[in-house]
Number of protein chains: 2
Amino acid sequence: MFVNRVRKAGDNRVATNQEKQEKEQPRRRQARGERRIAQLLEAAATVFSSTGYTAASTNAIAREAGVSPGTLYQFFPNKEAIAIELGERLMREMRETYGEALAPVDPATPLEEAVAAAVDRFIDFNRRHPAFFTLMHGPDIPGRIAEEHDALHATLVARVESLLTPFLPDIPAADITRTAHVCVAMYKAGLELVLASEGAERDAYVQELKKVLLRYLQPLVGDRLAAGPTP
Amino acid sequence: MFVNRVRKAGDNRVATNQEKQEKEQPRRRQARGERRIAQLLEAAATVFSSTGYTAASTNAIAREAGVSPGTLYQFFPNKEAIAIELGERLMREMRETYGEALAPVDPATPLEEAVAAAVDRFIDFNRRHPAFFTLMHGPDIPGRIAEEHDALHATLVARVESLLTPFLPDIPAADITRTAHVCVAMYKAGLELVLASEGAERDAYVQELKKVLLRYLQPLVGDRLAAGPTP
DNA sequence: CCAGAATGCGAGCGACCACTCGTGTTTGTC
DNA sequence: GACAAACACGAGTGGTCGCTCGCATTCTGG
């Protein structure tokens, strides 16, 4: 279903003695440690979003954070763990901030509003956290993050599906699923376009993205409701 | 004294020895060499499309082609050159096969047909050459291929623009350009969806992609048809 | 048929990278 | 203040990768 996932040799996977200790032993962490972790994750976000996951070296992340490589490994067992933790924090923040953004399944809401609101919110989030797009889109991400991405993708599709279903009672479920997949794919492509532009052009692309989604969905909904908000 | 010298040990990056060689002295190549090159490029296409550019090792390409690493470097100065040559050959084939596919600027052609034909042709090409998508889409591609990609992208956008323009005489050029960018972006997203599925599902996605593009463009064209020919 | 060019091989080199380890410093607790 | 644990450092380790080099083999023109 998804693009080529590369789990490549080069992730020198070594079982370390740290892993054994951290099995079920929550390490007593000082405030300084928590600060370092936040600092490292911020640095990682910067480096990841500017070079991608694979090309980002742990030394570069440590340098960006102003610490030594050894310090980095004091808090993360390996490179992948950094990306996973960062991804999880971003996912959590997104869910907290926009958790219910995609689930106003009230069929009274005009489709236009639902689409516009969802697009605006998600674009806003991605604008504020460029690393999120990098982690969830890169073709070079390791297995674990890919799972997270797939989970997020599935959630998105499911939400769109449930958002669509009340509008489309006569359509087979398989068709609705496919339609949802198309919507998400088009949203992602539009997001890329939006993130790559600035200022007025960016806003214009946001409008175009909404147009694409709306016009794609309108004919389906039109069977049931008169197209657009009726005066 | 044999051929290529230069290249001190430790100069792991850029190849400067090619300039002298290929400047005005095309290497006399035997039929066997041409065969090897084709063989290596085919192997590279396989490896690239299955693992991506960065993760693909030159040794893996050589192994896939059934030759030694040294033999590979007999014909290509470095890894990037392999991708560049492969990209150029694919681009050339695409231009030869579908060169004029996107330029039937006959305004009499219904938009629906134009869109459907273009989509079908390009999808067919990408189905037959999976490496093309990998090379032109990967975020991990080196500078030179990125240039190629940008050139192709610009060409695509320009073609779509010129295809659109006769339908939309009243729209500002900037808007048409933006619309073309959106079309190409949506096409790429749809292509990804199509390439990731198979059989009937694949065909269904092709249909959906056409719908997306058509419905996005229809209102623009519709304005014109409704208003009649402009004086 | 035979010089020399083109082709082929594969062990190995240097660079880089993820990650470690011995050692020293700070911090919390008694 | 004493002690241990957490934190910090950075040179070093093993591994992979792009690429090379000396040498063997095959082709081609004269």
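Below, chains carry the letters A, B, ... as their sequence lines are ordered, and counting in each starts from 1.
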Euclidean distance, atom [atom1] of residue [X] to atom [atom2] of [N] [Å, nearest integer]:
| X | N | atom1 | atom2 | result |
| --- | --- | --- | --- | --- |
| A/R32 | D/dA8 | CZ | P | 5 Å |
| B/Y73 | C/dG12 | OH | C1' | 14 Å |
| A/R35 | D/dA8 | CZ | P | 9 Å |
| A/E34 | C/dT27 | CD | P | 16 Å |
| A/N59 | C/dA18 | CG | P | 7 Å |

Phosphate contact ([N] OP1 or OP2) by [X] side-chain N/O below 4.0 Å:
| X | N | value |
| --- | --- | --- |
| B/R36 | C/dT7 | no |
| A/T71 | D/dC9 | yes |
| A/T58 | C/dC19 | no |

Problem - A/F122 six-ring centre to A/K188 NZ/CZ under 6.0 Å and within 45° of normal - result: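 No - A/K188 does not lie over the ring of A/F122 by the 6.0 Å and 45° rule.
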Exercise for the section: State, without any angle test, whether A/Y216 and B/E208 hold a side-chain donor-acceptor pair at a distance under 3.5 Å. Expected result: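 Yes, side-chain donor-acceptor contact under 3.5 Å.
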Handout entry: Centroid-centroid distance, B/F125 to B/F132, less than 6.0 Å
Key =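 Centroid separation for B/F125 and B/F132: below 6.0 Å.
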Practice task
Would you indicate what A/G33 reaches in the nucleic acid, counting non-hydrogen atoms under 4.0 angstrom: base, sugar-phosphate, or nothing?
Solution key: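 If one applies the 4.0 Å heavy-atom cut-off, A/G33 turns out to touch the sugar-phosphate alone, with no base involved.
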